[in-house]
Amino acid sequence: TASGAIAADKAVMVKSDGNFEQVIGNTAAAGSLSSTFDDTTTSIRAAWNSNDNRVLVVYPDSGNSSYPTSCVGSIASDGAITWGTPTVITSNAANADGATISWSSTSQKALFAMKNGSPNCVKYLIGTMSADKNSMTWSGETNNTAMDSCEHMEQVWNPDVDRHFVVYRDNGDGSKFKCREVTISGGSVSEGNIHELKNENHYQVSVCYDTVRNRYVCAAAKLSDSGHGYIYTVRSGSGQSPDTPANTGDTGGKEFRAGGAYDSRIVYDSNVNKSVLFWKDSIDSDGLYARTVTLANDDTMTLGTITNIIDANFSTKSWSVVYDPNAKKVVVTYANTQTGTAWKALPIVVNSDGTLSSEPAVTMQSTFAGTKGWSVFDPNTNKVISLSNKTNDSSNDMFGIAFAAGATNLEAARYIGFSAGTYSNGNTATVKVASNTSTQSSMTPATTQYVQVDGTVGGTATTPSVVAGIALSATNLLIRS
């Protein structure tokens, strides 16, 4: 029986329930470069609005007194990005750390946070989508002067308790690594208690959320230990007394790099239930490195092998990382003069044993270099939306580009042959197996043909490598097991 639609002469696999499904997928490809929507030399952060299928970008506008500004982008099925009109969030300049944003699909609002210059404080605002979904309005401004020395702020949304988790270093208190949870209630912001992850000097913090263990996974360079990289796990304060986050597992933190590990970025891979930590490694000329982090039931951490991802100087280059749940890959995007002055995407498979397998890098845009970047994943079009400023023409204009990582459901062990006809979901299907023939196209006679990621055949093996058969002619395939 067909499980889903099956087209004629497409590769077919058997499922565990005995039904048949067609091999489907796509090769890695980038869309067209978007038009520019503004410029920045400071920072770019973005969040995905899953309620309205929009990318929400925030940045200090270099052409407008570094006022924090938002812009909304919609993504077409072919990856084309259309930008709305930029909106000034507040007429107070953002400091060098820029600004952060996260979206709550529960409240259907965004939390914006930044280090404000005057008055010296952390400033929060609540973002609401406009009626046409092409811009945002900002309200509920809250200034926290007690966090006047906050630096290197990042945030992530916790879908389990609808809280925004903010991490930062407190430059007014020994640059200690701290955090707090923030809740949007109606039109106002409510701050939870501050928790100190570690009472030592930390630098350039990052965070992701482990949805299986329900833990925040936080990383930073510990300057009090020569910039060595450390990672911490933190539980939410929700349901606790007092309502305050707390370290778990390796409560003192775990060293992930015995050397300078700066500008860390961390994402959670839900396919293998591991966080993947990236950093610029000062031991190796600021090359890009990574390793996995696995949490046990007691939240103790197991670290994967340290892996050199890109052997180039990333000291001032635009780069970002995001998890693609459709392709089940982590995607690094970067615009780097040390790697050929091009904007590229590097898909990485996270294996169950914690090792990392990089696929070939894809050039999304040639002749492109930048210094600030960020990425989000669009589950509506199954594309990574990468953002960067452009510096090689001195404009610092910001652009976006959509990238589809190669994805397929093809599994060598489940492949059985080719469909004999066209079948709709739930109908009885006939599959041609070994020693039968199937009609294909553009084959070279007397050559081995391989199943491609989209269920067609080709003369080059893909990953996984599955032999389809031998070409008897340009259109006639002899199926082999």
Side-chain angles (χ1 to χ4, degrees), residues 40-45 58-60 65-68 89-90 92-102 111-125 141-156 164-182 189 191-208 216-232 234 244-247 252-253 255-257 259-266 277 279-280 282 286 315-316 371-372 374:
T40 189
T41 59
T42 306
S43 74
I44 302 171
R45 292 294 184 266
V58 295
Y59 53 93
S65 303
S66 291
Y67 290 164
I89 299 172
T90 178
N92 294 90
N95 80 338
D97 288 325
T100 67
I101 185 174
S102 57
L111 177 70
F112 168 84
M114 76 169 192
K115 171 64 185 306
N116 195 70
S118 180
N120 197 21
C121 64
V122 165
K123 185 182 292 292
Y124 301 102
L125 287 102
E141 181 173 314
T142 302
N143 295 329
N144 186 329
T145 56
M147 293 173 66
D148 61 332
S149 297
C150 167
E151 292 182 337
H152 303 171
M153 186 164 42
E154 298 291 354
Q155 63 171 300
V156 66
H164 304 261
F165 182 73
V166 180
V167 293
Y168 60 97
R169 78 175 218 164
D170 189 343
N171 195 40
D173 186 21
S175 295
K176 296 173 183 177
F177 196 1
K178 296 183 179 181
C179 67
R180 75 187 321 161
E181 291 180 304
V182 179
V189 169
E191 295 179 291
N193 297 322
I194 291 175
H195 169 63
E196 187 175 273
L197 282 79
K198 190 68 174 178
N199 62 348
E200 295 183 49
N201 187 347
H202 285 70
Y203 187 71
Q204 293 179 330
V205 304
S206 59
V207 61
C208 71
Y216 305 110
V217 185
C218 312
K222 188 192 291 187
L223 294 188
S224 58
D225 190 13
S226 303
H228 290 199
Y230 278 80
I231 193 162
Y232 306 85
V234 179
T244 306
N247 288 25
E255 185 180 79
F256 67 82
R257 179 57 164 161
Y262 298 101
D263 198 12
S264 62
R265 312 278 171 88
I266 188 166
L277 176 63
W279 69 91
K280 293 187 295 192
S282 65
D286 286 329
S315 59
T316 59
T371 57
K372 307 298 176 184
W374 204 255

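Residue numbers run from 1 in the order of the sequence given. Just so it is clear, the values below take in all heavy atoms, side chains as well, and ignore hydrogens, waters and symmetry mates.
Under the 4.5 Å side-chain criterion, counting only non-hydrogen atoms from C-beta, Cys218 is in contact with Leu197. Residues Val167 and Tyr216 form no side-chain contact, since every pair of their non-hydrogen atoms from C-beta on lies 4.5 Å or further apart. Side chains of Gln155 and Val182 form no contact here, defined as non-hydrogen atoms less than 4.5 Å apart. For the pair Phe112/Pro68, a side-chain contact is recorded, criterion being any heavy-atom separation below 4.5 Å from C-beta on. Contact check for Lys198 versus Asn247: no side-chain heavy atoms found under the 4.5 Å cut-off.
Expressed to the nearest 0.5 Å, how far CD of Glu196 lies from CG of Asp170 amounts to 8.5 Å. Rounding to the nearest 0.5 Å gives a distance of 11.5 Å between NZ of Lys176 and OH of Tyr168. Note that CG of Asp173 and NZ of Lys178 are 3.5 Å apart. Values are rounded to the nearest 0.5 Å. Once rounded to the nearest 0.5 Å, the distance linking CD1 of Ile266 with SG of Cys208 reads 4.0 Å. Separating the CZ atom in Arg257 from the CD1 atom in Ile231 is a distance of 14.5 Å, to the nearest 0.5 Å. Separation of atoms CD (Glu181) and CZ (Phe165) is listed at 6.5 Å; rounding is to 0.5 Å.
Residues Lys372 and Ile44 come closest through the heavy atom pair O-CD1, 3.5 Å. Shortest non-hydrogen contact noted between Leu111 and Val189 is CD1-CG2, 4.1 Å. The two residues Phe256 and Ala261 come nearest to each other via the heavy atoms CE1-CB, 3.7 Å. When all heavy atoms of Val205 and His152 are compared, the closest pair comes out as CG2-O, 2.7 Å. Between Ser43 and Pro60, the shortest heavy-atom distance links the atoms O-CD, 3.4 Å. The nearest pair of heavy atoms linking Arg180 to Asn193 is CB-O, 3.7 Å.
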Intermediate values then yes/no, side-chain contact (heavy atoms from CB on, under 4.5 Å), Val58 and Met114: CA-CA 10 Å; Val58 295; Met114 76 169 192; over 6 Å; no

Chi angles and distances behind the salt bridge (Lys or Arg N to Asp or Glu O under 4.0 Å) call for Arg45, Glu154: CA-CA 9 Å; Arg45 292 294 184 266; Glu154 298 291 354; 2.7 Å; yes

Step-by-step side-chain contact (heavy atoms from CB on, under 4.5 Å) determination, Tyr59 to Ile101: CA-CA 10 Å; Tyr59 53 93; Ile101 185 174; over 6 Å; no

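Between the Ser65 side chain and the Tyr67 main chain, no donor and acceptor come within less than 3.5 Å of each other.
Looking at Tyr124 and Glu191, their side chains do bring a donor and an acceptor atom within 3.5 Å of each other. Tyr232 and His202 share a donor-acceptor pair across their side chains, judged by distance under 3.5 Å alone.
Contacts of Glu151 classified as side chain to side chain contact (heavy atoms under 4.5 Å, CB included), with partners at least two apart in sequence or in another chain: Asp97, Arg169, Asn171.
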